[in-house]
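By convention here, the first residue in the shown sequence is residue 1. The shown structure was predicted, so the numbers you read here are calculated from the model rather than taken from an experiment.
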Amino acid sequence: MPYRLNDTSDYHRHDMDSLGWELTVCNMLEPEHSPIRGILQKSDTFGRLLIDYMEKHAPLHRVKNVLEVGGGYGFLMRDVIDRLRPEGVTMMDISPFLLDKQRECLSSKIELVSSGVNFIESDFFNIGNDDLEKFDLAVFNENIGDFPTVCDINTQIFQRDVLGFSSDPIMAEIGEMFETYGFIKPLERFNFNLGAVRALERLCKGGVPIIYMSEHSCEAAAPAWLSERISITPAGNPERISLKGHDEYTIRFSHLEKVGRHYGYGVVRNQYIDFIGINYSEKINFILTSHSVKDEHEIIRQFIEDLVKYESLVLVREGEG
């Protein structure tokens, strides 16, 4: 077999009841009195900081129906309901464990949603394109790395003949995507975020006016003012991240950006550190340069590194701005 398909669906379906707290940026910003909040320019939850940012680039005041896929513990949607007061909310997840956590988190907010909050245990790819048309905003926060990534692909798939790119349907699909969206063809074996590209294709074809996606990026680099303190260089090729019970892969956001533009969306692409500002101080400089193993320092150092490693896309359909 010329490639490997990293598919975590079986893990999510059968083992999510034992999943512990995954240290995402959203989760790290949740505790009000955490050391993380203390270094921010604005001490707030991830959801409220994200909405502040998105309001500059998308007409969130028009949002009536929201879909969040893989909503974690429900923290982000809690803040979306507080700020946007949508008429309807749908939480979709393949984990019954996390759906229960979302129900618990949003229980006090349901009365603010006139059409109620709908919790659906389902794979996103099982939802029909017609069903997507009712949503004004779709949110995929810090989770598209869990979607299938095809690994170790031979560049020979780009050698198209009269029958197409390949007799293998997955390889043929990837070859067509590279041609359709104008992805730069690698010169050596590579990994490809097939699931993330498929998901964005479906959202765009479904005409969802506003789309938000975020995840660890394989293309992120430290900004100039941090480059001497944080050693992060872009790999370019999606890389494996080993987590409890499963793997995920970093995302090549340049591919997703091209998909969005192909379907007529305006695209704003940023790293988290562009909209989650930190107060850079002598203390922060010490934490980043001293290699201190003090718990608080390690937490802050990881957080700042994640602000660099995570990228986000805000996509707005043409005519919606």
Side-chain angles (χ1 to χ4, degrees), residues 24-26 29-30 40-93 102 105-106 108-119 124 127 131-144 199-200 202-215 253 256-257 259-261 263-277 307 310-321:
T24 64
V25 172
C26 184
L29 285 174
E30 182 61 20
L40 299 182
Q41 292 176 3
K42 180 181 179 182
S43 176
D44 219 331
T45 62
F46 177 83
R48 290 194 285 264
L49 292 171
L50 175 61
I51 294 168
D52 288 344
Y53 165 68
M54 288 187 64
E55 283 180 333
K56 299 175 182 177
H57 303 289
L60 296 186
H61 61 282
R62 299 182 188 176
V63 170
K64 295 182 179 180
N65 289 289
V66 182
L67 167 69
E68 183 173 12
V69 176
Y73 288 79
F75 302 144
L76 174 52
M77 186 54 65
R78 174 201 62 202
D79 294 338
V80 168
I81 293 172
D82 273 339
R83 287 282 294 273
L84 303 186
R85 299 297 170 93
E87 294 179 3
V89 167
T90 297
M91 305 295 290
M92 179 176 292
D93 212 301
Q102 292 160 25
C105 180
L106 300 180
S108 63
K109 304 297 178 182
I110 291 178
E111 63 183 19
L112 301 178
V113 184
S114 59
S115 297
V117 180
N118 191 22
F119 298 90
F124 169 69
I127 187 173
D131 294 324
L132 290 174
E133 294 178 358
K134 69 181 181 181
F135 297 111
D136 307 299
L137 169 64
V139 176
F140 290 70
N141 185 57
E142 303 181 352
N143 58 15
I144 55 175
L200 184 53
R202 297 202 66 214
L203 294 166
C204 293
K205 290 178 179 179
V208 179
I210 305 171
I211 303 166
Y212 170 78
M213 287 183 160
S214 69
E215 185 56 278
F253 275 87
L256 301 184
E257 187 175 4
V259 172
R261 296 193 189 283
Y263 289 102
Y265 281 74
V267 182
V268 178
R269 176 182 171 187
N270 270 320
Q271 293 164 271
Y272 275 13
I273 201 163
D274 294 321
F275 66 91
I276 302 178
L307 292 187
Y310 273 96
E311 286 200 66
S312 70
L313 293 179
V314 178
L315 302 100
V316 180
R317 190 176 60 187
E318 186 176 350
E320 297 291 336

| F46 versus C26, closest heavy-atom pair with distance | CB-CA, 3.7 Å

| said: Can you see whether Y53 engages D274 through a side-chain donor-acceptor pair at a distance of less than 3.5 angstrom? | reply: no

| query | What is the distance from atom CD of Q271 to atom CG of L307, rounded to the nearest 0.5 Å? | reply | 9.5 Å

| remark: Looking only at heavy atoms, the pair that brings L203 and F140 closest together is CD1-CE1, 3.5 Å

| Any Y265 side-chain heavy atom under 4.5 Å of L200 side chain | no

| Going by an N to O cut-off under 4.0 Å, is there a salt bridge joining R261 and E318? | no

| task | Check the pair L50, V80 against side-chain contact (heavy atoms from CB on, under 4.5 Å), reporting the backbone distance first and the verdict last. | result | CA-CA 9 Å; L50 175 61; V80 168; over 6 Å; no

| request: State, with a plain yes or no, whether a side-chain heavy atom of L49 is found less than 4.5 Å away from one of L40. | output: yes

| message | So, taking the atom named SG in C105 and the one named CD in E30, what distance separates them when rounded to the nearest 0.5 Å? | response | 7.0 Å

| note | Between M92 and L67, the two heavy atoms sitting closest are CB-CD1, 4.2 Å

| field | Nearest non-hydrogen partners of A58 and V316, listed with the distance | value | CB-CG2, 3.7 Å

| field | Ion pair D52/R83, N-O distance below 4.0 Å | value | yes

| Interatomic spacing from CD1 in I273 to CD in E311 - rounded to 0.5 Å | 12.5 Å

| task | Flag the pair L112 / D82 as yes when at least one side-chain heavy-atom distance between them is below 4.5 Å, and no otherwise. | result | yes

| Checking side-chain contact (heavy atoms from CB on, under 4.5 Å) for the pair I211/M213: CA distance, chi angles, key distance, verdict? | CA-CA 7 Å; I211 303 166; M213 287 183 160; 4.3 Å; yes

| Taking R62 as the fixed residue, which of E320, E55, E87 is the one that meets the salt bridge (charged side-chain N to carboxylate O under 4.0 Å, His left out) rule? | E320

| Do L315 and Y263 come within less than 4.5 Å of each other through their side chains, counting heavy atoms only? | no

| task | For residues I127 and L132, determine if any side-chain heavy atom of one lies less than 4.5 Å from a side-chain heavy atom of the other. | result | yes

| request: Could you pull out the closest heavy-atom pair between R78 and T45, with the gap in Å? | output: NH2-CG2, 3.7 Å

| query | Got a second to check how far N270's CG is from H57's NE2, nearest 0.5 Å? | reply | 6.5 Å

| query | If we ignore angles and hydrogens, is there a donor and acceptor under 3.5 Å between the side chains of S214 and N141? | reply | yes

| task | Check step by step if side-chain contact (heavy atoms from CB on, under 4.5 Å) holds for I51 and L60. | result | CA-CA 9 Å; I51 294 168; L60 296 186; 4.1 Å; yes

| Could R269 and F253 be counted as a cation-pi pair, given that NZ or CZ must be under 6.0 Å from the ring centre and within 45° of the axis? | no

| task | Mark yes or no for whether R317, through its side chain, and G207, through its backbone, hold a donor-acceptor pair below 3.5 Å. | result | yes

| field | Distance-only donor-acceptor check, side chains D93 and Q102, under 3.5 Å | value | yes

| remark: Closest non-hydrogen atoms of E215 and I144, given as atom of the first, atom of the second and distance, are OE2-N, 3.3 Å

| query | In terms of the angle between their ring planes, are F275 and Y272 parallel, tilted or perpendicular, with boundaries placed at 30° and 60°? | reply | perpendicular

| said: Is it the case that the side chain of N65 and the backbone of D136 share a donor-acceptor pair, with hydrogens and angles ignored and the cut-off at 3.5 Å? | reply: no

| request: Would you indicate whether the side-chain heavy atoms of I276 and K42 approach each other to under 4.5 Å? | output: no

| task | Walk me through it: do I210 and M54 pass the test side-chain contact (heavy atoms from CB on, under 4.5 Å)? | result | CA-CA 10 Å; I210 305 171; M54 288 187 64; 4.1 Å; yes

| query | Do the side chains of V139 and V69 get nearer than 4.5 Å, heavy atoms only? | reply | no

| message | When you compare the side chain of V66 with that of T90, does any pair of heavy atoms fall below 4.5 Å? | response | no

